[in-house]
Structures are given as structure tokens and as C-alpha cells.
Amino acid sequence: MAEVAQKYNGENAPLMLDVEFVSLIGDRNNNQDRARSFQDDSRSLLVLADGMGGHSDGAQAAQCVIDEAQRLFESPEGLQPVALMQRIALQAHESISQLNPELADREQPRTTAVMLHLQDHRAIFAHTGDSRGYLIRAGRVLHRTRDHSVVEGMIRRGELTEEEARRHPMRNQVSRCLGGLGRPAPMEVTPCPPLQPGDVLLLCSDGLWEPLSEEELCSGRNLEELAEIAVERNALRADNTTALRVHIPAV
């Protein structure tokens with residue numbers, strides 16, 4: 001069941017970050033999720049992209065996000081955090097649009113994405129679609145990104161509860177993504193409150209957050225164990241399930 005399940009440590013990161021990573025294929029023929037972390041001597045960038053399975057080659061679309069993130073993070077241009085993440089998204093979108101230009105717009109490769117920039121104990125999320133970022137403190141969600149999706153809009157209007165949204169037939173319909181023939185909406189940028197020792201930052205595809213409660217996401221369980229629970233709970237319709245997680249150490 002596990003296509004990838006590993007951990008890797010970031011070296012020379014200012015916060016001495018250990019980044020946990022897991023990606024399970026679930027009940028799908030292939031894994032269209034992609035995730036990486038990039039670190040240098042002053043900053044860290046975590047990126048997760050969830051290729052949209054209903055469109056042609058979502059895996060390639062997700063990989064475009066990772067490739068552009070690496071290229072621009074390593075570029076000497078020195079972009080500021082928000083400009084960096086917005087540029088990654090725009091360049092990835094343009095790369096995706098060139099994958100199969102002969103296809104009609106509705107068949108074009110697409111992907112959701114979420115990014116996290118960490119520098120000087122400050123964290124900024126940027127996202128499009130329903131891949132999520134969480135800031136967890138003292139065992140509860142202090143902050144999370146808000147999905148660009150049909151059901152998220154219904155929640156905001158008071159038409160659905162969070163629990164009802166998990167079972168709604170339109171729960172996988174996103175209103176923003178990267179890919180397609182038009183220009184994308186900008187990534188939504190959400191700065192986090194100042195970080196504290198013990199904080200946990202989580203990036204995940206909907207394969208992880210949809211089947212699990214916030215209490216489970218905050219439980220501190222091993223990340224691979226959480227992903228396996230999510231896959232098992234969804235049984236025969238289990239999605240690709242991918243996550244990156246960072247624990248902010250004591251200083």
C-alpha cells in the first residue's frame with residue numbers, strides 16, 4: 001500500500017528542523033501527490049501538491065510545482081517569501097499548461113498546492129485548492145488554511161457543518177487550482193501567529209485531513225501511522241495520502 005514512507009532531516013537549517021514525510025498510494029493506480037522540503041542557512045520552504053485525478057496526468061502537474069519550487073528556491077534572485085511562493089505558483093501553472101496544450105481546457109492537467117515558508121521563527125502559508133496547512137499548538141489547531149472548494153463556501157455561509165462537509169458529494173470539487181488554459185488566481189497567503197517552541201506545522205493533501213478529525217491530526221501520533229489510519233478508514237475509495245510535518249524545537 002505504501003508507495004513512499006520515509007523521514008529525512010534538514011541540515012544547516014536555522015531552526016534545526018526535522019521534516020517528517022509520508023506518502024501513501026491508497027486505493028489508486030498511481031500516486032499523483034508530490035512533496036519536498038528545501039532548506040538553506042536562513043530559511044526553509046515546504047511544498048506539497050496534489051495532482052487532480054480527474055484530469056489528464058495530475059502527477060506531472062504536481063511535479064511541475066516541485067520542480068519550480070526547487071529552481072526558484074535555489075535561484076540567486078533572492079525573492080521575498082510571499083513573492084517567492086507566488087512566483088512558484090505562476091511558473092508552475094505556465095509549465096503545467098504546456099504539458100498537453102492540445103487538450104481542451106476541461107481535460108488539462110491540474111493540481112492543488114500548499115506551501116510553507118519558515119524564516120526567523122516566522123511562518124507563512126500559501127495555498128490554492130484543498131491541500132491544507134495547519135499550525136498546531138498545545139494539542140489543538142491554532143490556525144489552518146481555508147479550502148478553495150464548493151463545500152468550504154457552504155461552511156462559511158452556514159449551510160454545512162465541518163462534519164457534514166466531510167460526507168458531502170461535492171466535497172472534492174475545488175474552485176481554485178494550478179493548470180488549465182486561463183491565468184490562475186493568486187495563491188492565498190496566510191501568515192501564522194509568531195511561532196513558539198513546541199509548535200507543529202503540518203502540510204497535507206485531502207487524503208489525510210478528510211478522514212481524520214482535528215483531534216487526531218493534533219494527537220502527536222507518528223505521521224506514517226496517521227496516514228495509514230486515513231487510508232484504512234476510507235477503505236476501497238482511499239485517496240493518495242501525503243503529508244509533511246515540522247516540530248519547532250525548544251530554543
Nearest heavy atoms of [X] and [Y], plus distance in Å:
X: Ile66; Y: Arg34; value: CG1-CB, 3.6 Å
X: Leu202; Y: Ala243; value: CD1-CB, 4.1 Å
X: Ala113; Y: Leu178; value: CB-CD1, 4.2 Å
X: Asp239; Y: Gly207; value: CB-CA, 4.1 Å
X: Ala123; Y: Leu116; value: CB-CD1, 3.9 Å

Pair Asn31, Ser23 - check side-chain hydrogen bond (donor to acceptor under 3.5 Å, both in side chains), show working. CA-CA 8 Å; Asn31 195 337; Ser23 190; 2.8 Å; yes
Could you check whether atom CZ of Arg146 has more than 12 heavy atoms from other residues, nucleotides or ligands sitting under 6.0 Å from it? yes
Around atom CD of Glu74, are there more than 12 heavy atoms of other residues, nucleotides or ligands at under 6.0 Å? yes
Sorted by chain and number, sequence neighbours left out, side chain to side chain contact (heavy atoms under 4.5 Å, CB included) with Gln91 holds for Glu68, Arg71, Leu72, Arg87, Glu94
Take Trp209 and Asp206 through the side-chain contact (heavy atoms from CB on, under 4.5 Å) test and state the conclusion after the steps. CA-CA 5 Å; Trp209 65 256; Asp206 62 340; 3.5 Å; yes
Are side-chain heavy atoms of [X] and [Y] found at a separation under 4.5 Å?
X: Gln39; Y: Val19; answer: yes
X: Ile88; Y: Phe73; answer: no
X: Leu212; Y: Arg233; answer: yes
X: Val141; Y: Leu217; answer: no
X: Val82; Y: Gln86; answer: yes
X: Pro109; Y: Gln60; answer: no
X: Cys64; Y: Leu99; answer: yes
X: Leu84; Y: Arg43; answer: yes

Distance check, rounded to the nearest 0.5 Å: [X] atom [atom1] versus [Y] atom [atom2]?
X: Thr128; Y: Asp147; atom1: OG1; atom2: CG; result: 10.5 Å
X: Asp18; Y: Arg245; atom1: CG; atom2: CZ; result: 11.5 Å
X: Ser149; Y: Asp130; atom1: OG; atom2: CG; result: 6.0 Å
X: Leu142; Y: Leu135; atom1: CG; atom2: CG; result: 5.0 Å
X: Met187; Y: Met115; atom1: CE; atom2: CE; result: 3.5 Å
X: Cys204; Y: Glu210; atom1: SG; atom2: CD; result: 11.0 Å

Assess the residue pair Val189 and Ile124 against the criterion (side-chain contact (heavy atoms from CB on, under 4.5 Å)); give the C-alpha distance rounded to whole Å, side-chain angles, the decisive distance to 0.1 Å, and a yes or no. CA-CA 7 Å; Val189 175; Ile124 303 173; 3.5 Å; yes
Any carboxylate oxygen within less than 4.0 angstrom of a Lys/Arg side-chain nitrogen, looking at Asp67 and Arg36? no
Backbone N or O of [Y] within a donor-acceptor pair of the [X] side chain at under 3.5 Å?
X: Asp199; Y: Ile248; result: no
X: His247; Y: Val200; result: no
X: Arg176; Y: His148; result: no
X: Arg122; Y: Pro191; result: no
X: Asp50; Y: Ala62; result: no
X: Glu216; Y: Ser213; result: yes

Checking side-chain contact (heavy atoms from CB on, under 4.5 Å) for the pair Phe125/His143: CA distance, chi angles, key distance, verdict? CA-CA 10 Å; Phe125 286 119; His143 169 84; 3.9 Å; yes
Decide side-chain contact (heavy atoms from CB on, under 4.5 Å) for Leu181 and Gln108; before the verdict, give the C-alpha distance in whole Å, the side-chain angles of both, and the deciding distance to 0.1 Å. CA-CA 8 Å; Leu181 299 181; Gln108 286 286 319; 3.7 Å; yes
Is it true that [X] and [Y] fall in one hydrophobic cluster, defined by side-chain heavy atoms closer than 4.5 Å?
X: Leu244; Y: Leu195; result: yes
X: Ile229; Y: Leu223; result: yes
X: Phe38; Y: Phe21; result: no
X: Leu226; Y: Leu24; result: yes

Would you check if there is a donor-acceptor pair between the side chains of Asn222 and Glu225 at a distance under 3.5 Å? no
So, applying side-chain contact (heavy atoms from CB on, under 4.5 Å) with Leu46, which one of Val114, Leu201, Leu203 is it? Leu203
Among Thr242, Thr112, Thr111, Thr241, which one satisfies side chain to side chain donor-acceptor pair (under 3.5 Å) with Asp33? Thr242
